[in-house]
Undergrad: 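I have a structure I would like to understand better, so I am pasting it below and will then ask my questions one at a time.
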Protein chains: 2
Amino acid sequence: MYYLIILYLYSVKQYLFGKRAMSDPTVEFDVFNNLRDRLIAGAFEHGAKLRAEVLRVEYDCSASNIREILFRLSMAGLVDFQEQRGFRVPVQSKTRRHELAEMRILLEAEGLERSINNGGVEWEARLTGAHHKLSHIESRISSTGEVEPLAALWSVAEKEFHQTLLAACGSTLMQTTHGLIYDQFRQQVVNAKTNYGYYSDNIVDHKAILDAALDRNAPLARQKVHEHLARNLRENHADIDTK
Amino acid sequence: MYYLIILYLYSVKQYLFGKRAMSDPTVEFDVFNNLRDRLIAGAFEHGAKLRAEVLRVEYDCSASNIREILFRLSMAGLVDFQEQRGFRVPVQSKTRRHELAEMRILLEAEGLERSINNGGVEWEARLTGAHHKLSHIESRISSTGEVEPLAALWSVAEKEFHQTLLAACGSTLMQTTHGLIYDQFRQQVVNAKTNYGYYSDNIVDHKAILDAALDRNAPLARQKVHEHLARNLRENHADIDTK
DNA sequence: TAATACATTAATCTCAAAATTAATATAAAA
DNA sequence: TTTTATATTAATTTTGAGATTAATGTATTA
């Protein structure tokens, strides 16, 4: 039928203008990652509506694409969805921050202990490298006293360090689960008006965790992870709406 | 403009044929839950392709609808997605079952301890009730020796019991996370050819967990949860493809 | 025979518009 | 004035079809 003609014309077009490489991500994939990063980085006001039509023009794609992506992000806990009334950025609440911190402690303490037991020298090297990059950034922050200019760099370095704690735990499920929780925690804590979730104690905290890990001291490592994150169980973050 | 005429005609149609109640779930919601339940119950062969066109006619909706739902289920870990080559039922693997069991132990032990510390008499009542229903079904299974006829009933009762263990832990995040893990575990274990994940030791296991919880003996409760689930870390489930 | 290129089919991905519902503004009634 | 009902606008949900890519079959060549 004439379907073949269309396919042929399409192959001619591909020959003339080139085609997308198979390894390239689709539009969906691109937009998904970008939108996720923006949600984690606090690019939207908490509680703000995420209208498909608005994002559609912003990303130059269809509303269906956006809808699929928002559904996925809602399953990742980064977007709230209500039937017939659309998608929203989750509101920041003390309770939610509290629960996310607890879950991080549970997963990172357990995962780190397993990494300490299973990991070899290559894991130690990876962890040391991640810590080096992170502490470099944090010392620059502490010298200038300004988080803002280095917030983006710090975010990726801090995530890398904490993910590496679990890198040798032997369970991809534990790592991916932790990744989801970590992102939600970051979204809850990040606030453009203040410190992006950065604290001055971070330098000593991260160092203590690193040292305990390299010493293969699992109980101490668990304790240091707990101390590092337990701050979020106490402080009120008065700058953030408590709702 | 003439847009209003259409809206008016639509209101006439609603008057004549009735309209969906606001509390009713949308098509999406319905199909999502049904498809999730089927995936957990083992209605599809593991590794089977989930083609949007097939499911579309089955559920009498559009392919976009199915696509959105499959994306959501993929984020829940119940469906595998690959760009440009669609959705599949996850294959059953020993590694995955192992990791899911480990995560269940971690979450249920921790969650149960917190429930023991926080829960009141109403939680005890709920747990006792859930166990009563479960043990009733399990004793019937053990007397007949046939799991099949009661598999569906047992599945919901077992989930209810294990969810109730965390019901008073004070963290909705921990409960929802556990729910996701539990469903994936069930999907991995369920196999229509064998026992749906049921074991004869379940009766004494569940009873031991209940007793420890009612005794407010957190360490013992943790141990019993571990013993109950650790079976999945040892046995090979030779009946299931190990891949 | 095996491997490669091409033709064909079948799937996935993208899109825009129609169908349906929610939200808002306005008028009528209490 | 307050409330309620109605008209209007704006959003979400659903659909089907076109665009693009993957998978399969067939012929050609080494």
Side-chain angles (χ1 to χ4, degrees), chain A residues 1-32 35 48-74 79-88, chain B residues 1-32 35 48-74 79-88:
Chain A
M1 32 191 115
Y2 90 115
Y3 182 51
L4 301 178
I5 302 176
I6 296 195
L7 265 181
Y8 180 72
L9 290 175
Y10 183 64
S11 69
V12 170
K13 179 203 160 191
Q14 279 186 166
Y15 176 75
L16 294 175
F17 299 97
K19 65 180 282 191
R20 184 180 70 86
M22 264 188 60
S23 58
D24 288 354
T26 59
V27 172
E28 276 251 0
F29 194 77
D30 257 357
V31 178
F32 177 84
L35 202 49
K49 213 155 189 324
L50 295 166
R51 295 213 296 104
E53 178 60 22
V54 174
L55 295 170
R56 187 193 72 74
V57 301
E58 191 168 347
Y59 284 106
D60 188 30
C61 62
S62 78
S64 307
N65 284 135
I66 298 295
R67 194 175 151 86
E68 287 170 6
I69 288 161
L70 289 174
F71 267 128
R72 286 205 272 170
L73 290 168
S74 77
V79 162
D80 282 348
F81 168 70
Q82 265 193 309
E83 284 192 71
Q84 302 284 18
R85 43 201 74 173
F87 302 89
R88 286 183 174 280
Chain B
M1 33 190 114
Y2 89 115
Y3 182 53
L4 300 178
I5 300 176
I6 297 196
L7 265 182
Y8 179 73
L9 290 176
Y10 182 65
S11 69
V12 170
K13 178 203 161 192
Q14 280 185 167
Y15 175 74
L16 293 176
F17 299 96
K19 65 178 282 190
R20 185 179 70 86
M22 264 190 60
S23 58
D24 288 354
T26 59
V27 172
E28 275 253 358
F29 194 75
D30 255 358
V31 178
F32 177 85
L35 203 49
K49 213 156 189 323
L50 294 166
R51 296 212 299 103
E53 178 60 22
V54 174
L55 295 170
R56 187 194 71 75
V57 301
E58 191 167 347
Y59 285 106
D60 188 30
C61 62
S62 79
S64 308
N65 250 321
I66 298 295
R67 195 176 150 86
E68 287 169 6
I69 288 161
L70 288 175
F71 266 127
R72 285 205 272 169
L73 290 168
S74 76
V79 162
D80 282 349
F81 168 70
Q82 264 193 310
E83 285 192 66
Q84 301 285 16
R85 44 201 74 172
F87 302 87
R88 285 183 174 281

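To find a chain, count down the sequence lines: A is the first, B the second, and so on, and within it residues start at 1.
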Undergrad: In whole angstrom, what separates B:Gln84's CD from D:dT21's P?
TA: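 Result: 7 Å.
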Undergrad: Is A:Asn65 near enough to C:dC13 that one of its side-chain N or O atoms lies under 4.0 angstrom from OP1 or OP2?
TA: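 For C:dC13, neither OP1 nor OP2 has a side-chain N or O of A:Asn65 closer than 4.0 Å.
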Undergrad: Roughly how far apart are A:Arg56 CZ and A:Ser62 OG, rounded to 0.5 Å?
TA: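 A:Arg56 atom CZ to A:Ser62 atom OG measures 8.0 Å (nearest 0.5 Å).
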Undergrad: What is the bend of the helix from C:dT1-D:dA30 to C:dA30-D:dT1 when you compare the axis at one end with the axis at the other, using five pairs each and rounding to 10°?
TA: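 If I round to tens, the end axes sit 20° apart.
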Undergrad: For B:Lys49 and C:dT12, is the shortest distance between a side-chain N/O and OP1 or OP2 below 4.0 Å?
TA: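 True: B:Lys49 side-chain N/O within range (under 4.0 Å) of C:dT12 OP1/OP2.
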Undergrad: Using whole Å, report how far CZ of A:Arg67 lies from P of C:dT14.
TA: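 It works out to 16 Å between those atoms.
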Undergrad: Under the salt bridge (Lys or Arg N to Asp or Glu O under 4.0 Å) test, which residues partner A:Arg51, sequence neighbours left out?
TA: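 By the salt bridge (Lys or Arg N to Asp or Glu O under 4.0 Å) rule, A:Arg51 matches no residue at all.
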Undergrad: Provide, to the nearest angstrom, the distance between the CD atom belonging to A:Glu68 and the P atom belonging to C:dT12.
TA: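 The answer, rounded to whole Å, is 13 Å.
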Undergrad: Is the distance between the ring centroids of A:Phe71 and B:Phe71 less than 6.0 Å?
TA: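 Ring-ring flag for A:Phe71/B:Phe71: false, centres at least 6.0 Å apart.
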Undergrad: Mind calculating the distance between CZ (A:Phe81) and C1' (D:dT12) to the nearest angstrom?
TA: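 Spelled out: CZ on A:Phe81 to C1' on D:dT12 is 9 Å.
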Undergrad: Does a side-chain N or O of B:Arg51 approach OP1 or OP2 of C:dA11 to a distance below 4.0 Å, or not?
TA: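 The answer is yes; a side-chain N or O of B:Arg51 sits under 4.0 Å from OP1 or OP2.
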Undergrad: Can you tell me how far P of C:dT14 sits from OH of A:Tyr59, to the nearest Å?
TA: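 It works out to 15 Å between those atoms.
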Undergrad: Roughly how many Å is it from CD1 in A:Ile69 to C1' in C:dC13, rounded to a whole number?
TA: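 From A:Ile69 CD1 to C:dC13 C1': 12 Å.
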Undergrad: So among A:Phe32, A:Phe87, A:Phe81, which one has a side-chain contact (heavy atoms from CB on, under 4.5 Å) with A:Leu70?
TA: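 Passing option: A:Phe87.
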Undergrad: Name the residue from B:Leu55, B:Asn65, B:Asp60, B:Ile69 that meets the side-chain contact (heavy atoms from CB on, under 4.5 Å) definition with B:Val31.
TA: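 Of all the options given, the one that passes is B:Ile69.
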Undergrad: Which atoms form the tightest heavy-atom contact between B:Ile66 and B:Ala52, and what is the distance?
TA: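 Heavy atoms only, the tightest pair is CG2-CA, 3.9 Å.
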Undergrad: Tell me the closest heavy-atom pair linking B:Val54 and B:Val57, and the distance in Å.
TA: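 So the minimum-distance heavy-atom pair works out to O-CG2, 3.0 Å.
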Undergrad: CD of A:Glu83 versus P of C:dT20: gap in Å, rounded?
TA: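 Computing the A:Glu83:CD to C:dT20:P distance gives 17 Å.
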Undergrad: Side chain of A:Ser64, heavy atoms from C-beta onward: which of D:dA23, D:dT12, C:dC15 has the nearest atom to it?
TA: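 Nearest nucleotide to the side chain: C:dC15.
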Undergrad: Starting from P on D:dA11, measure out to CZ on A:Phe87 and report it in whole angstrom.
TA: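 To the nearest whole Å, that distance equals 15 Å.
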